Every structure is written in structure tokens, then in C-alpha cells.
Colleague: 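Below is one structure. I have some questions about it.
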Amino acid sequence: MPVRNTFTIILALIVCQVCYITASRNRYANTFAEAMQVVESNSLVQAPRRELFKSAMDGMLKRLDPNSQFIADDLYQRLEEDMNQEFAGVGLQIQVPIATGEMTIVRPLPLTPAKKAGLLAGDVILSIDGKSTQSMTTVDAANLMRGPIGKPVTLTIKRNQEQPFDVTLIRDRIHLSSVLGDTQTDDGSWNYFLESHPHIAYIRLEKFGERSVEEVKAALSQIKGKSGLILDMRSNLGGLLDAAVEISDMFLPPNQLVVSTKGRDEQVLDAYYTKTNPVLDAKLPMVILLNRRSASASEIVAGCLQDHQRAVVIGERSYGKGTVQNLIPLEYGRSYIKLTVASYWRPSNRNIDRTLWDAETTELNSNGDWGVKPNEGFACELSESEVNMIHFARILRDNDPLRKDLSDGQA
């Protein structure tokens with residue numbers, strides 16, 4: 001047989017093998033596409049193909065664990081804004097009180113367009129760029145007030161018994177603080193001590209964002225001479241791992257294990273250690289407040305400082321969210337998969353993550369050694385309504401001029 005024919009046959013065999021492997025790998029993709037076509041052609045209820053695709057992605061990732069998800073459209077932008085602690089808007093916290101049903105300003109944030117324009121807590125927003133806020137959700141209203149920096153938005157305001165008036169605001173970059181104190185001054189800064197016990201320092205850490213480390217450092221620099229420190233991380237849902245490690249570093253000597261991550265089969269992927277000397281005197285008494293909503297990065301800090309006996313944990317057992325998610329881009333960055341790839345482990349080699357689901361009973365294993373438990377003798381068992389009441393009371397204290405319901409929108 002001529003060499004040329006032999007070469008052609010060999011090449012054809014290679015192509016066939018590649019095609020077979022490719023087809024084998026893509027058979028589910030082909031079946032998925034076929035199923036979408038069947039649904040589009042025959043379903044009684046019609047839905048856009050994009051919506052069908054998103055639902056299928058959600059279903060696939062939900063099968064893995066509750067924290068893996070498909071992120072599309074503007075959800076990634078909101079996630080990024082939350083971590084960066086900034087967005088483009090006018091600087092308002094808004095709510096719809098049950099008693100009135102009106103879109104109400106809880107407070108204008110300091111040094112923002114809303115504050116500079118003289119808007120006040122208790123003002124009612126009747127319309128946004130001519131669109132009535134009646135029956136509008138706070139999320140919809142916030143979306144209308146957010147937008148490109150430098151672009152105007154006009155609010156129609158009702159204040160007490162006065163005639164409604166228009167206020168045009170120029171959108172600007174709004175910075176959100178992740179570190180708060182007990183009381184706030186007129187210029188928007190916080191007092192990092194308890195009003196009722198000025199000798200005790202009090203720092204509230206609400207999230208772990210891009211600026212949380214520098215904000216905690218700034219707060220700690222103001223508590224010299226105090227006899228103790230309360231680090232309040234109740235309802236802190238977490239955030240950036242690096243921020244959790246660096247904040248733990250502020251309270252411990254160098255070369256102390258903060259947290260480790262493990263992948264499949266509990267293989268250690270990374271271990272994070274402290275690097276610098278502590279910011280505070282190691283003898284300064286310190287307590288950490290947690291509740292059932294404290295999760296992820298807040299559990300890393302609390303578990304680390306508890307294991308190293310640097311802080312006493314008071315309150316409730318934490319949520320038990322101890323998994324690592326990576327954002328993996330799809331569609332050239334138009335969407336993302338947030339995929340769980342590892343789990344967090346405390347210095348005591350205890351897994352932070354709770355038993356998420358039992359394959360048969362779907363019940364939480366409440367006896368597992370997950371999360372962070374209060375130190376012995378310092379547990380405070382609360383009902384869900386009591387947790388909500390404490391949370392609402394704190395918001396009312398922060399927003400004293402209004403004293404109505406919960407703020408649930410930022411614009």
C-alpha cells in the first residue's frame with residue numbers, strides 16, 4: 001500500500017478517535033440542547049430560552065450544595081459592589097414602614113449627595129424621575145436611584161405637612177463602612193466605646209470587604225486606655241478570606257495558624273498563618289459576640305481567636321458556613337459559576353461547615369462539631385423573634401431620628 005494511503009488511513013483513525021471522545025464528553029450537552037428544544041416547541045407555558053438555561057444551571061448547582069450558584073445579569077455587579085464596599089448612587093437608606101406604606105428615607109449617609117442636598121430622615125419619596133413609588137419595592141427604588149456617576153436623578157419629596165418639592169441629585173460614588181461603633185457623631189464618624197460603659201471598647205464588624213482591614217485598624221487605634229474590647233460580629237455573613245486572616249492577625253503573635261482549607265478527601269490545600277505582632281496588648285480582655293446568622297469569615301475569626309484562647313465567644317452558635325467558593329467566568333464574563341471548591345478548618349482541626357444535608361432526611365445534624373459555639377457558660381439561647389427584635393433595636397438606635405421599621409434598601 002502506498003505510503004500516502006497509509007498516512008491517510010492513520011489520520012482518519014485519529015480524527016475518528018477524537019470525534020468519539022468529543023461526542024462522549026458532549027452527549028449530555030447534546031441531550032440538554034435537545035430537551036430545551038422539546039420544551040420550547042411543546043410546553044404549554046412559554047419561557048425565554050435564556051430563562052430556561054438559567055433554571056437548568058441553578059438546578060445543576062443546587063444539587064451540589066446550597067452555596068454553589070449560577071450568577072448572571074446584574075447579580076455579579078451587586079456582589080462585586082458589596083465586596084468593594086461602594087456603588088454609584090445618591091447615599092440614601094430607605095424603607096417602606098408597615099404603618100404608612102410610603103417610601104421613606106431612614107437616613108441620608110454622611111458626605112453624600114443626599115446629605116448635601118438637605119434630605120432628612122423621615123422624608124417620603126413620592127416619585128423617582130417621575131415614576132411613582134406607590135407599590136414599589138425598596139429594591140426597585142434603589143435600582144432607579146443608582147446609576148452612572150455624574151448623572152442626575154430627580155426625587156419628589158414630601159416632608160411633614162409641606163407641599164411636595166423636587167430635589168435633583170447628581171449620582172456619586174458611595175462608600176459603605178463595614179466597621180461601626182456604638183453611637184455616631186454629627187459628621188458621620190463612630191464612637192468606639194459603649195455609651196453606657198465608656199471604659200469598654202466596642203467595634204461592630206458587619207462584613208469582610210475590601211476596606212474592612214484598614215477600617216478595623218483605624219478603630220483599634222482609637223481605643224487606647226480601654227479596659228476591654230467587644231468585637232460584635234452578630235449577623236455578619238462573611239466576605240473575603242484575606243480580610244478574615246488579616247483581622248485575626250491583629251490580635252495574635254506571629255506564626256499562629258488562622259485557618260486551613262481542604263479539598264476533596266480532606267487534602268490540605270492552603271494554611272494561613274499570622275505574620276505580624278498584635279495591634280493590641282495581648283492581656284486586654286476581649287469577647288466576641290456571635291449569633292445564628294454569623295457565617296463564613298466571621299466564623300473564621302471567632303474560631304481562630306477562640307482556639308488560641310485570645311477571646312471568649314458569647315451568644316449563640318454560629319451558622320456553620322465553612323466552604324470556599326470560587327467565581328468561574330462563563331460566556332466571556334457575561335455570567336459566572338460560584339462553585340464550592342474547598343472547606344474551612346479551624347486551628348483545632350475542626351470543620352467549620354455544618355452537615356448541610358442528609359441525603360435521606362434532609363435534616364441538619366445539630367450534634368455535629370460545626371460552626372463556633374460560645375464558651376462554656378456564655379451561651380445565650382434566643383428565639384428567632386428575639387434575634388429579630390435585637391437586630392431591629394440596633395437599627396433603630398443607629399437611625400434614631402426615624403424610629404419606625406427596618407431599613408432594607410440603599411441607593
Side-chain angles (χ1 to χ4, degrees), residues 65-67 82-83 85 176-182 201-209 212-213 215-216 219 229-248 250-251 258-259 261 272 286-325 340 343-348 350-356 364-366 368-395 398 406:
D65 64 271
N67 298 306
D82 188 51
M83 288 299 98
Q85 297 179 231
L176 300 174
S177 296
S178 61
V179 174
L180 296 77
D182 187 39
Y202 174 82
I203 295 174
R204 255 187 302 162
L205 182 55
E206 295 203 321
K207 69 177 69 173
F208 290 79
S212 297
V213 173
E215 289 176 358
V216 171
L229 168 63
I230 298 172
L231 179 60
D232 188 347
M233 294 193 292
R234 288 175 295 180
S235 299
N236 182 321
L237 301 180
L240 301 177
L241 170 60
D242 288 347
V245 173
E246 289 189 56
I247 289 171
S248 299
M250 297 179 194
F251 303 102
V258 175
V259 68
T261 59
Y272 300 86
M286 179 178 178
V287 300
I288 293 174
L289 301 184
L290 296 182
N291 65 11
R292 66 192 66 182
R293 299 171 186 169
S294 304
S296 190
S298 61
E299 296 177 285
I300 290 174
V301 173
C304 168
L305 299 184
Q306 186 185 59
D307 285 352
H308 290 294
Q309 300 181 5
R310 178 60 187 91
V312 173
V313 175
I314 299 176
E316 296 185 294
R317 185 186 204 174
S318 62
Y319 181 82
K321 194 276 184 185
T323 51
V324 184
Q325 283 74 43
T340 299
S343 56
Y344 290 128
W345 293 71
R346 295 169 56 165
S348 55
R350 284 177 285 176
N351 187 358
I352 290 175
D353 201 56
R354 58 181 170 174
T355 303
L356 296 168
L364 176 65
N365 177 9
S366 60
D369 200 18
W370 46 267
V372 180
K373 298 178 184 178
N375 284 58
E376 187 174 353
F378 291 93
C380 182
E381 298 298 330
L382 300 171
S383 66
E384 186 67 19
S385 62
E386 287 173 326
V387 172
N388 288 331
M389 287 175 61
I390 292 171
H391 183 64
F392 295 167
R394 181 69 252 188
I395 290 174
D398 289 344
L406 172 64

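These values consider heavy atoms only, across backbone and side chains, with no hydrogens, waters or symmetry-generated copies. Since we're looking at a predicted model, the values are computed, not measured.
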Colleague: Considering residues at least two apart in sequence or located in another chain, which fulfil the side chain to side chain contact (heavy atoms under 4.5 Å, CB included) criterion with Thr261?
Modeller: Leu269, Asp270, Tyr272, Val324, Ala342, Tyr344

Colleague: So which heavy atom on Lys321 is nearest to which on Ala295, and how close?
Modeller: CB-CB, 3.9 Å

Colleague: Not counting sequence neighbours, which residues clear side-chain hydrogen bond (donor to acceptor under 3.5 Å, both in side chains) with Ser383? List them please.
Modeller: Ser385, Glu386

Colleague: Please check: side-chain N/O of Arg354 versus main-chain N/O of Gly322, any donor-acceptor pairing under 3.5 Å?
Modeller: no

Colleague: Looking only at atom types and distance, does a side-chain atom of Glu246 sit under 3.5 Å from a main-chain N or O of Ser212, one as donor and one as acceptor?
Modeller: no

Colleague: Checking Glu206 now: which residues fulfil side chain to side chain contact (heavy atoms under 4.5 Å, CB included) with it, not counting sequence neighbours?
Modeller: Leu180, Arg204

Colleague: Can you tell me how far the CG atom of Leu290 sits from the CG atom of Leu231, to the nearest 0.5 Å?
Modeller: 8.5 Å

Colleague: So which atom in Ser178 and which in Glu215 form the shortest heavy-atom distance, rounded to 0.1 Å?
Modeller: OG-OE1, 2.6 Å

Colleague: Which atom names give the shortest non-hydrogen contact between Tyr319 and Trp370, and what distance separates them?
Modeller: O-CZ3, 3.5 Å

Colleague: Apply side-chain contact (heavy atoms from CB on, under 4.5 Å) to Ile288 and Met233, showing your working.
Modeller: CA-CA 7 Å; Ile288 293 174; Met233 294 193 292; 3.7 Å; yes

Colleague: Show me the donor-acceptor pairs, under 3.5 Å and distance only, between side chains in residues 234-245 and residues at least two apart or in other chains.
Modeller:
| residue | atom | partner | partner atom | Å |
| --- | --- | --- | --- | --- |
| Arg234 | NE | Asp232 | OD1 | 3.0 |
| Arg234 | NE | Asp232 | OD2 | 3.3 |
| Arg234 | NH2 | Asp232 | OD2 | 2.7 |
| Ser235 | OG | Asn291 | ND2 | 3.2 |
| Asn236 | OD1 | Gly238 | N | 2.8 |
| Asn236 | ND2 | Leu205 | O | 2.7 |

Colleague: Hey, does Val372 have a side-chain heavy atom less than 4.5 Å from the side chain of Ile352?
Modeller: no

Colleague: For Asp307 and Ser348, which I'm curious about, is there any donor-acceptor pair between the side chains at under 3.5 Å?
Modeller: yes

Colleague: Got Val301 and Ser248 here, is their nearest side-chain heavy-atom distance under 4.5 Å?
Modeller: yes

Colleague: Val313 and Phe378: which non-hydrogen atoms are nearest, and at how many Å?
Modeller: O-CB, 3.7 Å

Colleague: Using the salt bridge (charged side-chain N to carboxylate O under 4.0 Å, His left out) criterion, which residues pair with Glu384? Sequence neighbours excluded.
Modeller: Arg292, Arg293

Colleague: Check Ser298 against Ser294 and note the closest heavy-atom contact, atom names and distance.
Modeller: OG-C, 3.5 Å

Colleague: For Ser318, enumerate each residue passing the side-chain hydrogen bond (donor to acceptor under 3.5 Å, both in side chains) test, keeping only those at least two apart in sequence or located in another chain.
Modeller: Glu299

Colleague: What I want to check is whether the side chains of Asp353 and Ser343 have a donor and an acceptor closer together than 3.5 Å.
Modeller: no

Colleague: Determine yes or no for a side-chain-to-main-chain donor-acceptor pair under 3.5 angstrom, with Lys373 supplying the side chain and Asn375 the backbone.
Modeller: no

